[in-house]
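Naming convention: chains lettered A, B, ... in sequence-line order (proteins, then strands); numbering from 1 in each chain.
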Amino acid sequence: MENRINGDDLLAAGYKQGRILGEALKAAAALQHLSREEALALLLKVKDYPENFLDDEKLEALATAMIEEMNKPADTTIALVTEKKEYAVYGKEYIEEGAGKQMAVAMQLPVTAAGALMPDAHQGYGLPIGGVLATRNAVIPYGVGVDIGCRMALSVFDIPADAFYANEAKYKRELIAHTKFGAGAGFHGQYKADHGVLDSDTFNITPFIKQLHDKAASQLGSSGGGNHFVEWGIIEFEERDEALNIEKGKYLALLSHSGSRGMGATIAGYYTRLAKDLCRLPKEAANLAWLDMDSEAGQEYWLAMNLAGDYASACHEVIHRKLTAAIGARVLAKVENHHNFAWKEIWNGEEVIVHRKGATPAGKDVMGIIPGSMTAPGFLVRGLGNEAAINSASHGAGRQMSRTKAIEQISKKDMQAVLKENGVTLIGAGLDEAPMAYKDINQVMGAQQELVKVVAKFEPKIVRMADDGSRED
DNA sequence: ATGTCC
(Lines give C-alpha, C1' and ligand atoms only; values in the text may rest on other atoms or scores of the structure.)
Protein backbone atom coordinates (compact mmCIF):
# COMPACT_ATOMS: atom_id res chain seq x y z
CA MET A 1 0.00 0.00 0.00
CA GLU A 2 1.34 3.37 -1.01
CA ASN A 3 1.80 6.21 1.49
CA ARG A 4 1.36 8.86 -1.28
CA ILE A 5 3.46 11.52 0.47
CA ASN A 6 4.15 14.47 -1.82
CA GLY A 7 6.23 17.66 -1.65
CA ASP A 8 3.40 19.69 -0.14
CA ASP A 9 3.08 17.23 2.74
CA LEU A 10 6.78 17.54 3.47
CA LEU A 11 6.73 21.34 3.25
CA ALA A 12 3.79 21.32 5.68
CA ALA A 13 5.85 19.09 7.97
CA GLY A 14 8.55 21.75 8.01
CA TYR A 15 10.99 20.49 5.37
CA LYS A 16 12.77 23.19 3.40
CA GLN A 17 12.59 23.64 -0.37
CA GLY A 18 15.69 22.52 -2.25
CA ARG A 19 18.14 19.70 -1.77
CA ILE A 20 16.64 18.59 1.59
CA LEU A 21 13.12 18.35 0.19
CA GLY A 22 14.44 16.21 -2.65
CA GLU A 23 16.12 13.81 -0.22
CA ALA A 24 12.97 13.68 1.94
CA LEU A 25 10.84 12.76 -1.09
CA LYS A 26 13.26 9.96 -1.95
CA ALA A 27 13.10 8.73 1.66
CA ALA A 28 9.27 8.84 1.60
CA ALA A 29 9.28 6.71 -1.53
CA ALA A 30 11.51 4.20 0.24
CA LEU A 31 9.02 3.96 3.12
CA GLN A 32 6.21 2.32 1.13
CA HIS A 33 5.87 -0.46 3.69
CA LEU A 34 4.54 2.12 6.16
CA SER A 35 1.18 3.87 6.21
CA ARG A 36 1.02 7.55 5.34
CA GLU A 37 0.71 8.53 9.03
CA GLU A 38 3.56 6.27 10.14
CA ALA A 39 5.85 7.51 7.37
CA LEU A 40 5.11 11.18 8.09
CA ALA A 41 5.71 10.65 11.82
CA LEU A 42 9.03 9.03 11.05
CA LEU A 43 10.07 11.81 8.66
CA LEU A 44 9.24 14.38 11.35
CA LYS A 45 11.61 12.58 13.73
CA VAL A 46 14.35 12.55 11.10
CA LYS A 47 13.87 16.27 10.64
CA ASP A 48 14.21 16.98 14.35
CA TYR A 49 16.87 14.40 15.24
CA PRO A 50 18.78 13.50 12.06
CA GLU A 51 21.74 12.24 14.14
CA ASN A 52 19.60 9.26 15.28
CA PHE A 53 19.11 8.00 11.71
CA LEU A 54 22.65 7.99 10.37
CA ASP A 55 22.73 4.17 10.48
CA ASP A 56 19.26 3.64 9.04
CA GLU A 57 19.57 2.13 5.59
CA LYS A 58 16.54 4.00 4.19
CA LEU A 59 16.98 7.31 6.03
CA GLU A 60 20.75 7.70 6.12
CA ALA A 61 20.97 9.87 2.98
CA LEU A 62 18.33 12.30 4.26
CA ALA A 63 19.85 12.45 7.76
CA THR A 64 23.33 13.11 6.34
CA ALA A 65 22.04 15.88 4.06
CA MET A 66 20.23 17.51 6.98
CA ILE A 67 23.33 17.55 9.14
CA GLU A 68 25.44 18.92 6.30
CA GLU A 69 22.86 21.63 5.67
CA MET A 70 22.82 22.63 9.34
CA ASN A 71 26.57 23.08 9.34
CA LYS A 72 26.80 24.90 6.04
CA PRO A 73 27.75 28.55 6.51
CA ALA A 74 24.72 30.79 6.07
CA ASP A 75 24.28 32.31 2.60
CA THR A 76 26.12 35.61 3.02
CA THR A 77 25.10 37.14 -0.31
CA ILE A 78 23.74 40.61 0.29
CA ALA A 79 20.43 41.18 -1.46
CA LEU A 80 19.88 44.13 -3.76
CA VAL A 81 17.07 46.54 -3.00
CA THR A 82 14.18 45.73 -5.34
CA GLU A 83 12.49 49.12 -5.42
CA LYS A 84 13.80 51.25 -8.29
CA LYS A 85 15.53 54.44 -7.20
CA GLU A 86 15.59 57.34 -9.67
CA TYR A 87 18.83 59.02 -10.68
CA ALA A 88 19.59 62.10 -12.77
CA VAL A 89 20.87 61.63 -16.33
CA TYR A 90 22.42 64.40 -18.44
CA GLY A 91 22.64 64.03 -22.22
CA LYS A 92 20.78 60.72 -22.30
CA GLU A 93 20.97 60.66 -26.11
CA TYR A 94 24.77 60.46 -25.97
CA ILE A 95 24.96 57.67 -23.40
CA GLU A 96 25.31 54.02 -24.38
CA GLU A 97 22.72 51.61 -23.01
CA GLY A 98 25.16 49.49 -21.00
CA ALA A 99 26.09 52.48 -18.84
CA GLY A 100 22.45 53.00 -17.84
CA LYS A 101 22.08 49.32 -16.97
CA GLN A 102 25.14 49.43 -14.74
CA MET A 103 23.88 52.59 -13.06
CA ALA A 104 20.50 50.96 -12.39
CA VAL A 105 22.24 48.09 -10.58
CA ALA A 106 24.35 50.54 -8.56
CA MET A 107 21.14 52.28 -7.47
CA GLN A 108 19.95 48.96 -5.98
CA LEU A 109 22.81 48.60 -3.51
CA PRO A 110 21.51 48.86 0.05
CA VAL A 111 24.22 51.45 0.79
CA THR A 112 23.27 53.77 -2.11
CA ALA A 113 21.89 57.21 -1.27
CA ALA A 114 21.88 58.76 -4.77
CA GLY A 115 23.35 58.48 -8.24
CA ALA A 116 23.81 60.48 -11.43
CA LEU A 117 25.04 59.81 -14.96
CA MET A 118 27.14 62.36 -16.86
CA PRO A 119 26.80 62.96 -20.65
CA ASP A 120 30.13 61.24 -21.47
CA ALA A 121 29.12 58.03 -19.70
CA HIS A 122 30.04 54.61 -21.04
CA GLN A 123 30.31 51.09 -19.69
CA GLY A 124 33.02 50.25 -17.16
CA TYR A 125 33.72 47.67 -14.45
CA GLY A 126 31.03 47.92 -11.79
CA LEU A 127 30.12 51.59 -11.89
CA PRO A 128 30.06 53.07 -15.42
CA ILE A 129 32.68 55.65 -16.44
CA GLY A 130 30.86 58.95 -16.09
CA GLY A 131 28.91 57.58 -13.13
CA VAL A 132 28.51 59.32 -9.79
CA LEU A 133 27.36 57.36 -6.76
CA ALA A 134 26.73 58.61 -3.23
CA THR A 135 26.73 55.91 -0.57
CA ARG A 136 26.21 55.78 3.18
CA ASN A 137 29.32 54.84 5.16
CA ALA A 138 30.67 52.57 2.41
CA VAL A 139 33.41 52.93 -0.17
CA ILE A 140 33.41 50.94 -3.41
CA PRO A 141 36.90 50.42 -4.88
CA TYR A 142 35.47 49.93 -8.39
CA GLY A 143 33.33 53.03 -7.82
CA VAL A 144 36.60 54.94 -7.79
CA GLY A 145 38.17 52.97 -10.61
CA VAL A 146 41.52 51.42 -11.38
CA ASP A 147 43.40 54.67 -11.93
CA ILE A 148 42.84 56.17 -8.49
CA GLY A 149 43.20 59.95 -8.46
CA CYS A 150 43.40 60.25 -12.25
CA ARG A 151 43.16 63.96 -12.91
CA MET A 152 43.63 67.05 -15.04
CA ALA A 153 46.10 69.83 -14.30
CA LEU A 154 46.33 73.16 -16.13
CA SER A 155 48.96 75.89 -15.86
CA VAL A 156 48.33 79.23 -17.56
CA PHE A 157 51.56 81.10 -18.38
CA ASP A 158 52.43 84.74 -18.79
CA ILE A 159 53.29 83.98 -22.43
CA PRO A 160 51.03 85.44 -25.12
CA ALA A 161 49.82 83.07 -27.84
CA ASP A 162 51.93 84.82 -30.49
CA ALA A 163 55.17 84.18 -28.62
CA PHE A 164 54.34 80.46 -28.64
CA TYR A 165 53.59 80.37 -32.38
CA ALA A 166 56.92 82.10 -33.03
CA ASN A 167 58.87 79.29 -31.39
CA GLU A 168 56.89 76.04 -31.51
CA ALA A 169 60.00 73.91 -32.07
CA LYS A 170 61.36 74.85 -28.64
CA TYR A 171 58.13 73.86 -26.91
CA LYS A 172 58.05 70.55 -28.75
CA ARG A 173 61.61 69.82 -27.70
CA GLU A 174 60.95 70.52 -24.01
CA LEU A 175 57.78 68.43 -24.04
CA ILE A 176 59.79 65.46 -25.33
CA ALA A 177 62.66 66.11 -22.92
CA HIS A 178 60.62 66.30 -19.73
CA THR A 179 57.75 63.83 -20.07
CA LYS A 180 57.73 60.04 -19.98
CA PHE A 181 55.01 57.82 -21.43
CA GLY A 182 54.20 54.14 -21.72
CA ALA A 183 53.21 51.24 -19.48
CA GLY A 184 55.82 50.67 -16.81
CA ALA A 185 57.65 53.86 -17.72
CA GLY A 186 59.58 55.69 -15.03
CA PHE A 187 62.70 57.70 -14.28
CA HIS A 188 65.97 56.26 -13.07
CA GLY A 189 69.18 57.40 -11.42
CA GLN A 190 69.82 61.13 -11.66
CA TYR A 191 66.60 61.60 -13.63
CA LYS A 192 64.42 60.53 -10.71
CA ALA A 193 62.14 63.29 -9.45
CA ASP A 194 61.47 64.14 -5.83
CA HIS A 195 58.35 65.24 -4.01
CA GLY A 196 57.14 65.38 -0.42
CA VAL A 197 54.48 62.75 -1.14
CA LEU A 198 57.22 60.10 -1.03
CA ASP A 199 57.70 60.93 2.67
CA SER A 200 54.04 60.32 3.52
CA ASP A 201 53.46 58.27 6.69
CA THR A 202 50.72 56.40 4.87
CA PHE A 203 53.40 54.33 3.13
CA ASN A 204 54.05 52.74 6.54
CA ILE A 205 50.51 51.68 7.49
CA THR A 206 50.73 48.18 6.00
CA PRO A 207 53.47 46.03 4.39
CA PHE A 208 51.34 45.94 1.21
CA ILE A 209 51.41 49.73 0.86
CA LYS A 210 55.05 49.99 1.92
CA GLN A 211 56.23 47.78 -0.95
CA LEU A 212 54.69 50.22 -3.44
CA HIS A 213 57.13 52.97 -2.47
CA ASP A 214 60.02 52.11 -4.79
CA LYS A 215 57.93 51.94 -7.92
CA ALA A 216 56.11 55.11 -6.90
CA ALA A 217 59.46 56.87 -6.55
CA SER A 218 60.64 55.86 -10.03
CA GLN A 219 57.29 56.59 -11.71
CA LEU A 220 56.91 60.02 -10.11
CA GLY A 221 56.39 62.57 -12.88
CA SER A 222 55.58 59.98 -15.57
CA SER A 223 52.32 59.87 -17.49
CA GLY A 224 51.57 56.23 -18.42
CA GLY A 225 49.47 55.19 -21.40
CA GLY A 226 45.92 55.00 -22.71
CA ASN A 227 44.23 58.38 -22.96
CA HIS A 228 46.84 60.14 -20.84
CA PHE A 229 48.59 63.16 -22.33
CA VAL A 230 50.66 66.25 -21.74
CA GLU A 231 50.07 69.10 -24.15
CA TRP A 232 50.84 72.72 -24.91
CA GLY A 233 47.88 74.74 -26.03
CA ILE A 234 46.36 78.18 -26.18
CA ILE A 235 43.78 79.15 -23.61
CA GLU A 236 41.40 81.98 -24.32
CA PHE A 237 39.62 84.06 -21.68
CA GLU A 238 36.89 86.05 -23.38
CA GLU A 239 36.69 88.29 -20.36
CA ARG A 240 38.73 89.02 -17.26
CA ASP A 241 38.32 86.33 -14.59
CA GLU A 242 38.12 87.95 -11.19
CA ALA A 243 38.74 84.84 -9.05
CA LEU A 244 41.77 83.74 -11.09
CA ASN A 245 42.91 87.34 -11.59
CA ILE A 246 43.50 86.79 -15.31
CA GLU A 247 42.86 89.48 -17.93
CA LYS A 248 40.94 88.82 -21.13
CA GLY A 249 43.30 87.35 -23.73
CA LYS A 250 45.04 84.31 -25.22
CA TYR A 251 47.81 82.65 -23.27
CA LEU A 252 50.10 79.67 -23.57
CA ALA A 253 48.98 76.87 -21.22
CA LEU A 254 50.08 73.39 -20.26
CA LEU A 255 47.45 70.70 -19.80
CA SER A 256 48.17 67.24 -18.40
CA HIS A 257 45.99 64.17 -17.89
CA SER A 258 47.25 61.18 -15.90
CA GLY A 259 46.82 59.32 -12.65
CA SER A 260 48.55 57.31 -9.97
CA ARG A 261 50.36 54.91 -12.33
CA GLY A 262 51.26 51.41 -11.14
CA MET A 263 50.80 52.35 -7.51
CA GLY A 264 47.12 53.30 -7.79
CA ALA A 265 46.36 50.33 -10.05
CA THR A 266 47.91 47.95 -7.53
CA ILE A 267 45.96 49.49 -4.65
CA ALA A 268 42.73 49.32 -6.66
CA GLY A 269 43.27 45.66 -7.53
CA TYR A 270 44.16 44.63 -3.99
CA TYR A 271 41.22 46.32 -2.28
CA THR A 272 38.73 45.31 -4.95
CA ARG A 273 39.64 41.69 -4.30
CA LEU A 274 39.35 42.24 -0.56
CA ALA A 275 35.98 43.95 -0.97
CA LYS A 276 34.70 41.08 -3.10
CA ASP A 277 35.74 38.61 -0.38
CA LEU A 278 34.12 40.62 2.40
CA CYS A 279 31.02 41.80 0.55
CA ARG A 280 29.30 39.13 -1.53
CA LEU A 281 26.77 40.51 -3.95
CA PRO A 282 24.59 38.98 -6.67
CA LYS A 283 26.53 38.42 -9.90
CA GLU A 284 25.32 41.55 -11.70
CA ALA A 285 26.55 43.69 -8.80
CA ALA A 286 29.71 41.75 -7.89
CA ASN A 287 32.07 44.49 -9.09
CA LEU A 288 30.31 46.99 -6.83
CA ALA A 289 31.52 45.25 -3.66
CA TRP A 290 32.07 47.84 -0.93
CA LEU A 291 34.13 48.21 2.20
CA ASP A 292 32.45 49.48 5.35
CA MET A 293 34.04 52.80 6.28
CA ASP A 294 34.20 51.67 9.92
CA SER A 295 36.02 48.43 9.09
CA GLU A 296 39.79 48.04 9.13
CA ALA A 297 39.84 47.27 5.41
CA GLY A 298 37.66 50.31 4.68
CA GLN A 299 39.89 52.63 6.65
CA GLU A 300 43.01 51.18 5.02
CA TYR A 301 41.55 51.65 1.54
CA TRP A 302 40.54 55.20 2.37
CA LEU A 303 44.10 56.08 3.44
CA ALA A 304 45.64 54.23 0.48
CA MET A 305 43.22 55.90 -1.95
CA ASN A 306 44.11 59.32 -0.57
CA LEU A 307 47.80 58.51 -0.85
CA ALA A 308 47.29 57.50 -4.50
CA GLY A 309 45.39 60.76 -5.04
CA ASP A 310 48.20 62.81 -3.52
CA TYR A 311 50.66 60.85 -5.61
CA ALA A 312 48.75 61.52 -8.84
CA SER A 313 48.72 65.21 -7.94
CA ALA A 314 52.46 65.09 -7.25
CA CYS A 315 53.08 63.54 -10.69
CA HIS A 316 51.35 66.51 -12.34
CA GLU A 317 53.21 68.91 -10.10
CA VAL A 318 56.54 67.43 -11.20
CA ILE A 319 55.55 67.60 -14.88
CA HIS A 320 54.41 71.22 -14.60
CA ARG A 321 57.42 72.22 -12.49
CA LYS A 322 59.90 70.77 -15.00
CA LEU A 323 58.23 72.29 -18.05
CA THR A 324 57.66 75.67 -16.43
CA ALA A 325 61.36 75.84 -15.57
CA ALA A 326 62.33 74.64 -19.05
CA ILE A 327 60.47 77.45 -20.81
CA GLY A 328 61.32 80.05 -18.17
CA ALA A 329 57.74 81.19 -17.72
CA ARG A 330 55.69 82.51 -14.84
CA VAL A 331 52.46 80.71 -13.89
CA LEU A 332 49.49 83.07 -13.82
CA ALA A 333 47.02 80.46 -12.62
CA LYS A 334 46.93 76.75 -11.90
CA VAL A 335 43.82 74.57 -11.76
CA GLU A 336 43.56 70.85 -11.17
CA ASN A 337 40.92 68.29 -10.33
CA HIS A 338 40.63 64.54 -9.74
CA HIS A 339 37.98 62.72 -11.74
CA ASN A 340 38.46 59.16 -10.39
CA PHE A 341 38.05 59.40 -6.63
CA ALA A 342 35.75 59.29 -3.60
CA TRP A 343 35.08 62.15 -1.22
CA LYS A 344 33.19 62.65 2.03
CA GLU A 345 30.63 65.30 1.16
CA ILE A 346 27.33 66.63 2.42
CA TRP A 347 24.54 65.78 0.01
CA ASN A 348 20.89 66.53 0.75
CA GLY A 349 21.84 67.33 4.35
CA GLU A 350 23.64 64.09 5.16
CA GLU A 351 27.26 62.98 5.01
CA VAL A 352 27.78 60.59 2.11
CA ILE A 353 30.70 59.06 0.27
CA VAL A 354 30.59 60.49 -3.26
CA HIS A 355 32.27 58.26 -5.84
CA ARG A 356 33.13 60.01 -9.09
CA LYS A 357 34.40 57.54 -11.66
CA GLY A 358 35.22 59.65 -14.65
CA ALA A 359 33.30 62.68 -13.42
CA THR A 360 34.52 66.18 -12.60
CA PRO A 361 33.71 67.67 -9.18
CA ALA A 362 31.41 70.62 -9.87
CA GLY A 363 30.34 72.00 -6.50
CA LYS A 364 29.41 75.69 -6.39
CA ASP A 365 32.38 77.72 -7.77
CA VAL A 366 34.68 74.67 -7.81
CA MET A 367 37.03 74.91 -10.79
CA GLY A 368 37.57 71.98 -13.10
CA ILE A 369 38.94 71.03 -16.50
CA ILE A 370 36.98 69.06 -19.09
CA PRO A 371 39.17 68.03 -22.05
CA GLY A 372 37.81 67.44 -25.56
CA SER A 373 40.25 65.46 -27.72
CA MET A 374 43.70 66.06 -29.21
CA THR A 375 42.14 68.45 -31.72
CA ALA A 376 38.87 69.47 -30.04
CA PRO A 377 38.91 72.17 -27.36
CA GLY A 378 38.95 71.53 -23.64
CA PHE A 379 37.17 73.77 -21.16
CA LEU A 380 38.09 75.43 -17.93
CA VAL A 381 34.84 75.39 -15.96
CA ARG A 382 33.33 76.60 -12.74
CA GLY A 383 30.83 74.32 -10.99
CA LEU A 384 27.22 75.38 -10.48
CA GLY A 385 26.67 73.07 -7.49
CA ASN A 386 23.80 71.11 -9.03
CA GLU A 387 22.49 68.84 -6.27
CA ALA A 388 20.67 66.41 -8.61
CA ALA A 389 23.98 65.85 -10.44
CA ILE A 390 25.62 65.31 -7.02
CA ASN A 391 27.79 68.38 -7.72
CA SER A 392 29.45 66.75 -10.73
CA ALA A 393 30.02 67.10 -14.48
CA SER A 394 31.51 65.01 -17.29
CA HIS A 395 35.26 64.36 -17.35
CA GLY A 396 35.60 64.73 -21.10
CA ALA A 397 33.80 64.12 -24.36
CA GLY A 398 33.63 60.37 -23.86
CA ARG A 399 34.40 57.73 -26.44
CA GLN A 400 32.20 57.32 -29.47
CA MET A 401 34.08 54.26 -30.75
CA SER A 402 35.74 51.51 -28.79
CA ARG A 403 39.52 51.29 -29.10
CA THR A 404 39.18 48.22 -31.32
CA LYS A 405 36.61 49.85 -33.58
CA ALA A 406 38.70 53.02 -33.89
CA ILE A 407 41.77 51.04 -34.96
CA GLU A 408 39.67 49.18 -37.55
CA GLN A 409 37.82 52.15 -38.99
CA ILE A 410 40.18 55.11 -38.82
CA SER A 411 43.16 55.36 -41.18
CA LYS A 412 46.47 57.05 -40.37
CA LYS A 413 45.85 59.34 -43.30
CA ASP A 414 42.48 60.46 -41.91
CA MET A 415 44.04 61.13 -38.55
CA GLN A 416 46.91 63.13 -40.04
CA ALA A 417 44.44 65.20 -42.04
CA VAL A 418 42.47 66.14 -38.93
CA LEU A 419 45.66 67.07 -37.07
CA LYS A 420 46.82 69.26 -39.96
CA GLU A 421 43.43 70.91 -40.33
CA ASN A 422 43.53 71.89 -36.66
CA GLY A 423 47.19 72.89 -36.61
CA VAL A 424 48.06 70.25 -34.00
CA THR A 425 51.48 68.59 -33.70
CA LEU A 426 51.26 65.07 -32.29
CA ILE A 427 54.00 63.06 -30.61
CA GLY A 428 53.07 59.40 -30.10
CA ALA A 429 49.48 58.05 -29.82
CA GLY A 430 47.70 55.35 -31.81
CA LEU A 431 44.54 55.46 -33.92
CA ASP A 432 42.50 54.52 -30.85
CA GLU A 433 43.07 58.05 -29.57
CA ALA A 434 42.11 59.74 -32.85
CA PRO A 435 39.74 62.70 -32.49
CA MET A 436 37.04 60.83 -34.46
CA ALA A 437 36.95 58.14 -31.76
CA TYR A 438 35.50 60.73 -29.36
CA LYS A 439 32.08 62.32 -29.07
CA ASP A 440 31.57 65.97 -30.00
CA ILE A 441 32.68 67.90 -26.91
CA ASN A 442 30.43 70.84 -27.83
CA GLN A 443 27.35 68.61 -27.66
CA VAL A 444 28.52 67.13 -24.38
CA MET A 445 29.06 70.62 -22.94
CA GLY A 446 25.61 71.59 -24.20
CA ALA A 447 24.10 68.71 -22.24
CA GLN A 448 25.61 69.93 -18.97
CA GLN A 449 24.88 73.64 -18.94
CA GLU A 450 23.08 73.21 -15.62
CA LEU A 451 26.19 71.63 -14.12
CA VAL A 452 29.09 73.91 -15.09
CA LYS A 453 29.77 77.36 -16.51
CA VAL A 454 32.59 77.71 -19.05
CA VAL A 455 35.35 80.08 -17.91
CA ALA A 456 37.86 79.66 -20.75
CA LYS A 457 38.50 77.54 -23.84
CA PHE A 458 41.73 75.60 -24.36
CA GLU A 459 42.94 74.61 -27.87
CA PRO A 460 45.59 71.84 -27.96
CA LYS A 461 48.65 72.67 -30.10
CA ILE A 462 51.45 70.20 -29.31
CA VAL A 463 50.22 66.91 -27.86
CA ARG A 464 52.25 64.05 -26.45
CA MET A 465 50.78 60.63 -25.69
CA ALA A 466 52.16 57.10 -25.30
CA ASP A 467 53.41 55.47 -28.49
CA ASP A 468 51.34 52.73 -30.06
CA GLY A 469 51.79 49.60 -27.91
CA SER A 470 54.45 51.43 -25.96
CA ARG A 471 56.58 49.58 -23.45
CA GLU A 472 59.45 52.05 -23.26
CA ASP A 473 61.35 52.75 -20.10
C1' DA B 1 43.95 52.34 -16.44
C1' DT B 2 47.71 48.54 -15.21
C1' DG B 3 54.58 45.63 -16.59
C1' DT B 4 46.91 43.58 -17.58
C1' DC B 5 47.62 38.07 -10.70
C1' DC B 6 49.74 40.30 -4.75
In whole Å, I'd like the distance from the NZ atom of A/Lys276 to the C1' atom of B/dC6.
15 Å
Pairwise 5' ranking along DNA chain B for A/Cys150 and A/Phe208, keeping only the more 5' one:
A/Cys150
For a quick check of understanding: with a heavy-atom distance under 4.0 Å over all strands, which category does A/Gly145 fall into, base, sugar-phosphate or nothing?
nothing
Which one, B/dT2, B/dG3, B/dC5, comes nearest to the side chain of A/Ala265?
B/dT2
For the pair made of OH in A/Tyr311 and C1' in B/dT2, what is the distance, rounded to whole Å?
13 Å
Whether A/Lys250 and A/Glu459 form a salt bridge (side-chain N of Lys/Arg under 4.0 Å from carboxylate O of Asp/Glu) is what I want to check.
no
Rounding to a whole Å, what distance do you find between A/Asn340:CG and B/dT2:C1'?
13 Å
Measure NE2/A/His228 against P/B/dG3 and give the value in whole Å, please.
11 Å
With heavy atoms under 4.0 Å as the rule, sort A/Gly262 into base, sugar-phosphate or nothing.
sugar-phosphate
Rounded distance in Å - CD1 (A/Ile267) to P (B/dG3):
13 Å
Verify whether the ring centers belonging to A/His257 and A/His395 lie closer than 6.0 Å.
no
For A/Ser223 and A/His228, does a side-chain donor sit closer than 3.5 Å to a side-chain acceptor?
no
If the condition is salt bridge (charged side-chain N to carboxylate O under 4.0 Å, His left out), which residues does A/Asp310 pass it with, not counting sequence neighbours?
none
5'-most contact on DNA chain B: A/Gly269 or A/His257, nearest heavy atom basis?
A/His257
Separation of B/dT2 atom P from A/Tyr142 atom OH, nearest Å, is 14 Å
Which pairs would a plain distance check flag for residues 359-387 of chain A, meaning a side-chain donor or acceptor within less than 3.5 Å of a matching protein atom at least two apart in sequence or in another chain?
from: A/Thr360; atom 1: OG1; to: A/Ser394; atom 2: O; distance (Å): 2.7
from: A/Ser373; atom 1: OG; to: A/Thr375; atom 2: N; distance (Å): 3.2
from: A/Ser373; atom 1: OG; to: A/Ala376; atom 2: N; distance (Å): 3.1
from: A/Arg382; atom 1: NH1; to: A/Asp241; atom 2: OD1; distance (Å): 2.9
from: A/Arg382; atom 1: NH2; to: A/Asp241; atom 2: OD1; distance (Å): 3.2
from: A/Arg382; atom 1: NH2; to: A/Asp241; atom 2: OD2; distance (Å): 2.9
from: A/Asn386; atom 1: OD1; to: A/Ala388; atom 2: N; distance (Å): 3.0
from: A/Asn386; atom 1: OD1; to: A/Ala389; atom 2: N; distance (Å): 3.2
from: A/Asn386; atom 1: ND2; to: A/Glu450; atom 2: O; distance (Å): 3.2
from: A/Glu387; atom 1: OE2; to: A/Asn348; atom 2: N; distance (Å): 3.4

Is any side-chain nitrogen or oxygen of A/Arg261 closer than 4.0 Å to OP1 or OP2 of B/dT2?
yes
Whole-Å distance separating the CG atom of A/Asp147 from the P atom of B/dT4:
16 Å
For A/Phe187 and B/dG3, give me the distance from atom CZ to atom P, rounded to whole Å.
14 Å
